[in-house]
Trainee: 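Starting off with a structure, shown below.
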Amino acid sequence: MIKEDNVIQNPKTRSLFISVGLHVFIIGCLVFSFEKTHTLMPPAAAPETKPIVEAVMVDQKVLQKEVQRLANIEKAKKEREKARQREILEKRQKEEALKKQVEEERIAQINREKAEKEKREKQEKIEKAEKAEKEKQEKQERIEKAEKEKREKQIKEEALAQQKKIEAERKAKEAIISVQVSNRVRNEYQSLIRSILHQNWTRPTGFDLSGLYCVVLVDLLPTGEVARVSIARSSGNLTFDRSTEVAVYKSSPLPMPQDPGLAQEARQFEFKFNPEAV
Amino acid sequence: MSVKRVYIGIFFLVIANTAWARLSIEITDGALAGIPIAITSSADTQNFEEIALVVRNDLRMCGRFDPLMRDRLPQHLSAQQEMSMGIWQSVGAENVVLGTVMSTGGDRYSVSFRLIDVYKNGAVLASKTFYGIRYQDFRALAHHISDVVYEKITGIKGAFSTRIAYVMVVKTPEGKRYSLEVSDADGYNPQTLVKSKEPIMSPSWSPNGRQLSFVSFEKNRAEIYLIDVATGRRELLSKFPGINGAPAWSPDGQTLALVLSKEGSPKLYLMNIRSRQLTQITQGYSIDTEPAWSRDGRHLYFTSNRGGKPQIYRMHLVSRQVERITFEGGYNARPMLTPDGRYLIMMHRGEQSTGVFNIASQDLKTGKVSVLTHAYLDESPTLSPNGAMVLYGTQEGDRQILGLVTLDGRGQLKLPAREGSVQEPAWSPFLS
C-alpha cells in the first residue's frame with residue numbers, strides 16, 4: 001500500500017489531487033466516449049428486462065476499463081512512488097544542498113572572520129604607524145619649537161648684550177675723546193716723524209734688499225731724546241738691522257708734540273722699516 | 001650676564017691702556033748709500049795712513065760701505081777727543097777705525113786697530129794688535145783688517161784677502177801675447193804664471209786655492225793643464241782631438257768637469273783628477289759647455305743650445321736628469337752659483353735687446369731675473385767666495401777691463417786699468 005507520510009507537503013497534496021483528477025478524467029473519458037456514433041436507443045426494446053442473466057460475458061469494455069483502472073491505479077501508484085522517490089531525492093538533494101550551503105556559509109563565515117581579522121590587524125598596523133608617525137612629528141615639532149625658542153632667546157640675549165656693548169662703547173668713546181687728541185693732529189705728527197726718519201735712514205747697499213723689513217721699538221725721554229732702541233723683529237740681515245738703529249739714533253732728539261695727551265703717546269714708538277711698501 | 005660685564009671690563013681696560021700704546025710708523029724710504037765709515041790714524045800715530053788707504057779702497061769696492069775721504073776727517077785729535085762720539089757723528093760716520101803703527105826696529109812693526117760703533121756710544125766692536133809685521137806685508141795686513149771690519153759690521157766673512165786669476169792680452173808688433181796672471185783681489189801684485197803666443201782661456205781655481213786649471217793653445221791645439229800657483233809647475237790633463245775646454249773643479253777637489261768634442265759636438269765630461277778616468281755625462285747633438293758646480297757638488301749647471309738658443313740647464317749628477325733653469329731672455333750662458341745656492345749669476349741677453357750682453361742674477365726660488373750691469377758686452381762673471389761681489393769682463397774703449405758689481409746691481413767699479421786687455425777672471429776661494 002502506499003505509505004502515506006505524515007508530513008503533508010504541498011507537492012504531495014498536489015500530486016494527490018492530480019492523481020485523483022487523472023483518475024476522474026480517465027474514467028470520465030472511458031465513460032463518456034467521444035465517438036460519434038450515437039447509440040440509437042432501440043425503439044422500445046424491452047425496457048426492463050429483468051436482469052435475467054447475470055451475463056457471464058463481461059463487457060469487454062468494462063473489463064478493459066477495469067484493467068485499465070487497475071493499470072491506472074498501478075501506474076498512478078508507480079507514479080506516486082516515482083514522485084515520492086523524486087521527492088525524496090529532491091529532498092536529499094535539497095538537504096545536501098542545504099548542508100553544502102551551510103558548510104559554505106560556515107567557511108565563508110570563517111573566511112569573512114579571517115578577512116575581517118586581517119583587515120582589523122592591518123588597520124591596527126596602519127593606525128599604529130600613523131600614531132607613531134604622528135608622535136614623531138609631534139616630537140619633531142616640539143624639538144623645533146624648543147630650538148626656535150632657544151634661538152629667539154639667544155637673539156634676545158645677544159641683542160641685549162649688543163645694546164649694552166654699544167652703550168659701553170659710547171661711554172668709552174666719550175671718555176677717550178675727552179682724553180685724547182683728534183686723529184688729524186696725530187697724523188700730522190706721525191708724518192713729521194716719518195720724514196725725519198726718512199732723512200736719517202741710510203738704506204744699505206751691496207746686497208739684495210728685496211723682501212727685507214724690520215721692526216724697531218723706541219722709548220723716548222720727555223725731551224725727545226732716544227732712551228732705548230730695540231729690534232722687535234729682525235730683517236735677518238745684520239747690516240739692514242743696524243742701519244735702522246742708526247737711523248733712530250741719528251734722529252735723536254725727536255721733536256715732541258705740544259699737546260700733552262699726544263706727548264704722552266709719543267714717548268714710545270714702533271718703527272717698521274720696510275723699503276718695499278708702496 | 002657675566003659676559004656683558006667682561007665686555008665692559010675690557011673696554012675700560014682699553015681706555016686705561018691707550019695711554020701706553022706705541023705710536024706706529026712705517027718708514028719706507030731713505031737715501032741709498034753705503035755705510036759711512038771713517039778709517040784713520042789714531043791720535044798717537046800717523047803711519048797708519050798707508051794701511052788706511054787700502055782699507056778704504058777695499059770697503060768702497062765691496063759696495064756696502066762709504067768710506068769717508070781723508071780730507072773730511074778730523075785731524076789731530078787727542079786720545080780723548082777721538083773717543084767722543086759727537087765729533088764722529090758730526091762728520092757723518094757711523095763707524096770708526098782707529099789704527100796705530102809702531103816701529104819695533106829692524107823693519108818690523110806692530111800694528112793695532114780699533115773698530116768703534118759711533119751710535120752705540122763708542123762701543124768697541126773689534127780690537128787687534130799684530131806684531132812683527134814687515135813693511136812689505138802692510139798691504140796683506142790691511143786686507144785682513146778690511147776682512148775683520150767687514151765681518152763685524154755685516155756678519156759676512158770678508159773676501160779681501162783672496163786672489164783673482166785672469167788672462168792678460170797685450171798687442172805687440174809681433175802679434176798678441178797672452179799670459180795667465182794671478183793678483184790680489186783688488187788687482188794689485190800681479191804675478192805671471194804662463195806666457196804664450198797662443199790663446200790661454202778659462203782659468204779655474206782648485207777648492208784649496210793652490211792650483212789652477214786652464215786651457216792653452218800653445219801647441220796649436222786645445223789642451224787642459226793644471227798648474228801649481230806657488231811653484232808654477234804644470235801637468236797636462238787633457239788633450240783629446242777637438243775641443244778641450246771650460247775646466248771646472250768639483251767642490252771636493254776630486255773631479256774636473258770639462259768639455260770635449262772628440263765624439264762629435266761639444267759634450268760634458270767628468271774626469272777623476274787622480275785616476276784620470278773619464279766619464280761622458282751628456283749626450284746628443286747639441287753644444288753643452290761651461291760647466292759650473294753647485295756648492296754641495298750634487299748638481300752641475302751648464303750652457304746648452306739643446307733647446308735652440310743657449311740657455312742654462314742643470315744636471316743632477318746621480319740621476320743624470322737634466323732640467324732647464326733659465327727662461328727669460330734669448331741667451332743665457334756662463335752659469336755661476338752663489339755659495340748659499342740662492343742665486344744663479346750669468347751672462348744674459350734680454351728678449352728685446354739684440355747684441356747686448358749683461359751680467360744678471362736669477363733668484364732660483366722665484367725665477368726673478370735682475371740685470372746687474374749695463375754696458376753692452378759684459379761677460380765671464382765670477383763670484384767672490386762669500387757670494388757678495390761679481391767680477392766680470394767688460395769693454396772700455398778698444399780693450400777689455402774687469403768690472404765689479406754687487407748683487408743689488410750697485411757698487412759698479414772698474415779695476416785699475418793697466419796696459420792690455422784683461423779677460424776671463426776667476427775669483428779664488430778663501431785662502432788660509
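Chain letters run A, B, ... following the sequence lines, proteins first, then strands; residues in each count from 1. What you see below is based on every heavy atom in this structure, not just the backbone, and it leaves out hydrogens, waters and symmetry mates.
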Trainee: Using non-hydrogen atoms only, which part of I25(B) is less than 4.5 Å away from chain A: side chain, backbone, both, or neither?
Mentor: both
Trainee: Measuring heavy-atom distances to chain B, does V218(A) have an atom under 4.5 Å in its side chain, in its backbone, in both, or in neither?
Mentor: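 For V218(A), the backbone is the part near chain B, not the side chain.
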Trainee: Within the supplied structure, the quantity of interest is the number of heavy atoms (other residues, nucleotides, ligands) at a distance under 6.0 Å from F240(A) CZ; does it exceed 12?
Mentor: yes
Trainee: For the residue pair Y150(B) / D58(B), report whether a side-chain donor-acceptor contact shorter than 3.5 Å exists.
Mentor: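 Absent: no donor and acceptor within the cut-off.
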Trainee: Quick one: pull up CZ in R228(A) and CG in L221(A) and give me the separation to the nearest 0.5 Å.
Mentor: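 With rounding to 0.5 Å, CZ (R228(A)) is 12.0 Å from CG (L221(A)).
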Trainee: So how far is it from H348(B) NE2 to T373(B) OG1, rounded to the nearest 0.5 Å?
Mentor: 10.0 Å
Trainee: Is there a side-chain contact between L23(B) and Y189(A) in this structure, where contact means two heavy atoms from C-beta onward sitting under 4.5 Å apart?
Mentor: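 With C-beta onward as the side chain, the pair touches.
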Trainee: Rounded to the nearest 0.5 Å, how far apart are CZ of R106(A) and CD of E113(A)?
Mentor: 10.5 Å
Trainee: Heavy-atom distance under 4.5 Å to chain A: side chain of N95(B), backbone, both or neither?
Mentor: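 Side chain only.
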Trainee: Atom CG of L383(B) and atom OH of Y392(B): how far apart are they, to the nearest 0.5 Å?
Mentor: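 Result: 13.0 Å between the selected atoms.
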Trainee: Which atoms of A388(B) come close to chain A, meaning under 4.5 Å heavy atom to heavy atom: side chain ones, backbone ones, both, or neither?
Mentor: backbone
Trainee: Please output the residues of residues 116-137 of chain A in contact with chain B, using a heavy-atom cutoff of under 4.5 Å, in numerical order.
Mentor: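 Listed by number, there are no contacting residues, so the answer is none.
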Trainee: Who passes salt bridge (Lys or Arg N to Asp or Glu O under 4.0 Å) against R342(B), sequence neighbours left out?
Mentor: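 In terms of salt bridge (Lys or Arg N to Asp or Glu O under 4.0 Å), with neighbours along the sequence ignored, R342(B) is linked to D363(B).
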Trainee: Find the one option among G387(B), G155(B), A31(B) whose heavy-atom pairs under 4.5 Å with chain A are most numerous.
Mentor: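 Among G387(B), G155(B), A31(B), the one with the most close pairs to chain A is A31(B).
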Trainee: Hey, what do you get for OG (S384(B)) to CG (L391(B)), rounding to the nearest 0.5 Å?
Mentor: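 S384(B) OG to L391(B) CG: 9.0 Å, rounded to 0.5 Å.
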Trainee: Rounded to the nearest 0.5 Å, how far apart are CG of D186(B) and OG1 of T162(B)?
Mentor: 9.0 Å
Trainee: Name all residues meeting the salt bridge (Lys or Arg N to Asp or Glu O under 4.0 Å) criterion together with D117(B); count only those two or more places apart in sequence or in a different chain, and write none if there are none.
Mentor: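 D117(B) satisfies salt bridge (Lys or Arg N to Asp or Glu O under 4.0 Å) with R242(A) once adjacent residues are dropped.
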Trainee: Quick one: which residues of residues 195-207 of chain A reach chain B at under 4.5 angstrom, heavy atoms only?
Mentor: L197(A), H198(A), W201(A), T202(A), R203(A), P204(A), T205(A), G206(A), F207(A)
Trainee: Is atom CG of N187(A) surrounded by more than 12 heavy atoms (other residues, nucleotides or ligands) closer than 6.0 Å?
Mentor: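 Atom CG in N187(A) is crowded, with more than 12 foreign heavy atoms closer than 6.0 Å.
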Trainee: Quick one: which of E167(A), R194(A), E245(A), R267(A) has the most heavy-atom pairs under 4.5 Å with chain B, could you say?
Mentor: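 Answer, by heavy-atom pair count under 4.5 Å with chain B: R194(A).
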Trainee: For E26(B), is it the side chain, the backbone, both or neither that has a heavy atom under 4.5 Å from a heavy atom of chain A?
Mentor: both
Trainee: Side-chain contact test, heavy atoms from C-beta onward, threshold under 4.5 Å: evaluate it for V390(B) versus W427(B) and give yes or no.
Mentor: no
